[in-house]
Amino acid sequence: MHGPRLIRWFDRTIDVLQGQLEAEPEDVMGRGMHMPVCWAPYFRHRLRLAEIYHDGTQHYDHHRQQLTLGQAS
């Protein structure tokens, strides 16, 4: 999958995640759980749900930086 089809797929995924995020009650966002630190470079042993949602943006930024080495940011 590539090009416009991939962009549509990404857009749908972001829309679903945004909808789930907006539907989460505040008290749920503060709940935490154990996460294996080997799964992602930004995971700690215990993460709140808000941090788990945020991991996707950190993960994207991390790989974008890797792919743009030597280019102006």
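Everything numeric in this text was worked out from a predicted model, so none of it was measured.
Tyr53 and Leu17 make their closest contact through CE2-O, 4.1 Å (heavy atoms, listed as atom of the first residue, atom of the second, distance).
Among the candidates Arg31, Met29, Glu24, the single residue satisfying the side chain to side chain contact (heavy atoms under 4.5 Å, CB included) test with Asp27 is Arg31.
Side chains of Met35 and Met33 form a contact here, defined as non-hydrogen atoms less than 4.5 Å apart.
Rounding to the nearest 0.5 Å gives a distance of 9.0 Å between CD1 of Ile7 and CZ of Phe10. Residue His54 holds its NE2 atom at 11.5 Å from CG of Leu21, rounded to the nearest 0.5 Å. Atom CZ of residue Arg12 and atom CG of residue Asp15 lie 9.5 Å apart, to the nearest 0.5 angstrom.
Gln20 CD: more than 12 foreign heavy atoms inside a 6.0 Å radius.
Side-chain atoms of His34 do not come within 3.5 Å of backbone N or O of Arg46 as any donor-acceptor pair.
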